[in-house]
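In what follows, a structure is listed as structure tokens, so that the remarks can point back to it.
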Amino acid sequence: MYGLWKPRVLGAWRVPASGPVILAVNHAHNIDGPMLMGTAPRPVHFLIKKEAFVGPLGAFLEGIGQLKVDRHSTDRAAIGNALAVLEHGGVLGIFPEGTRGEGDFASLRAGLAYFAVRSGAPIVPVAVLGSTDKPGRLVKALPRFRSDVDIVFGDAFAAGDGSGRRTRKALDEATVRIQERLTDHLKNARRLTGR
């Protein structure tokens with residue numbers, strides 16, 4: 001990442017040095033996940049659509065600990081693998097919106113709340129900014145070579161209400177709390193970086 005673009009990492013010290021943690025990342029461009037993997041202070045395991053696991057790329061993704069998920073059904077194996085990452089004190093990266101979009105956390109899926117409430121792992125919001133600002137001259141699908149990309153880590157927070165409840169209502173309430181925190185972090189990150 002540092003060879004192709006100019007990442008500026010802010011607040012990486014906010015990621016707990018040990019223990020389970022979930023990085024909740026906005027997703028506006030294909031390089032957002034790899035950018036975070038290349039700049040995070042700890043190894044990150046992302047849930048990645050199974051369609052990406054083909055040929056040499058599939059072997060590479062599995063080799064670096066990424067998790068295959070079927071987005072079109074309830075993938076119990078992927079859920080179990082993600083929870084295992086957290087149970088072993090690892091870092092799980094999640095795009096809470098489920099897919100690439102505006103990257104503004106406007107519509108969250110329940111997966112992030114489920115993993116956070118079920119595992120008790122704190123969530124660290126992450127804003128990746130600048131990946132969509134300047135398309136490349138040769139490869140339009142990538143940001144311009146050596147352009148600036150900001151990765152801003154926020155303060156860790158607990159998603160649950162402290163009751164330990166895992167009901168549908170508790171998950172819905174946690175999703176609302178999470179969305180508020182992620183939206184606030186994104187606003188602060190934009191103000192901090194001037195983007």
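Model, not experiment: these values are computed from the prediction.
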Hey, are the side chains of [X] and [Y] touching, using non-hydrogen atoms and a 4.5 Å cut-off?
X      : Y      : value
Val85  : Leu67  : yes
Val126 : Val152 : no
Ile178 : Pro96  : no
Val21  : Arg42  : yes
Phe157 : Pro125 : yes
Leu36  : Phe46  : yes
Leu92  : Leu23  : no

Are [X] and [Y] joined in one hydrophobic group, where the rule is that I, L, V, M, F, W and Y side chains link up if heavy atoms are under 4.5 Å apart?
X     : Y     : result
Val15 : Trp13 : no
Val91 : Ile64 : yes
Ile31 : Phe60 : yes
Leu10 : Met35 : no
Val54 : Val69 : no

Heavy-atom closest pair, residues [X] and [Y]:
X      : Y      : answer
Asn188 : Arg191 : OD1-NH2, 2.9 Å
Arg118 : Leu83  : NH1-CD1, 3.5 Å
Leu47  : Phe115 : CD1-CE1, 3.8 Å
Ala121 : Leu86  : CB-CD2, 4.1 Å
Arg181 : Asp155 : NH2-O, 4.1 Å
Val124 : Arg14  : CG2-O, 4.1 Å

Discussion item. One pair to check against side chain to side chain donor-acceptor pair (under 3.5 Å): Thr175 and Asp172. What are the steps and the verdict?
Written reply: CA-CA 5 Å; Thr175 299; Asp172 289 343; 5.2 Å; no
Discussion item. Between Leu129 and Leu186, is the side-chain contact (heavy atoms from CB on, under 4.5 Å) condition met? List the steps.
Written reply: CA-CA 9 Å; Leu129 304 170; Leu186 187 58; 3.9 Å; yes
Item to complete: Might you work through the side-chain contact (heavy atoms from CB on, under 4.5 Å) test for Asn81 and His45, ending with a clear yes or no?
Response: CA-CA 10 Å; Asn81 291 336; His45 304 273; over 6 Å; no
Worksheet entry | Spacing of CD1 belonging to Ile123 relative to NE2 belonging to His185, to within rounding of 0.5 Å |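 Going from CD1 on Ile123 over to NE2 on His185, the span is 12.5 Å.
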Discussion item. If I take atom NZ from residue Lys187 and atom CG from residue Leu182, how far apart are they, to the nearest 0.5 angstrom?
Written reply: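 With rounding to 0.5 Å, NZ (Lys187) is 12.0 Å from CG (Leu182).
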Worksheet entry | From CA spacing to verdict: side-chain contact (heavy atoms from CB on, under 4.5 Å), Lys68, Lys49 | CA-CA 6 Å; Lys68 186 186 312 185; Lys49 62 184 178 182; over 6 Å; no
Worksheet item: Among Arg190, Arg8, Lys6, which residue meets the side-chain hydrogen bond (donor to acceptor under 3.5 Å, both in side chains) test with Asp150?
Response: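 Output: one option passes, namely Arg8.
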Practice prompt. Apply the test side-chain contact (heavy atoms from CB on, under 4.5 Å) to residues Ile22 and Ile94: give CA-CA distance (whole Å), side-chain angles for both, the deciding distance (0.1 Å), then the verdict.
Written response: CA-CA 7 Å; Ile22 299 171; Ile94 295 183; 4.1 Å; yes
Discussion item. Run the ring-ring contact (aromatic ring centres under 6.0 Å, His included) test against Phe153 and tell me which residues pass, sequence neighbours left out.
Written reply: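 By the ring-ring contact (aromatic ring centres under 6.0 Å, His included) rule, Phe153 matches no residue at all.
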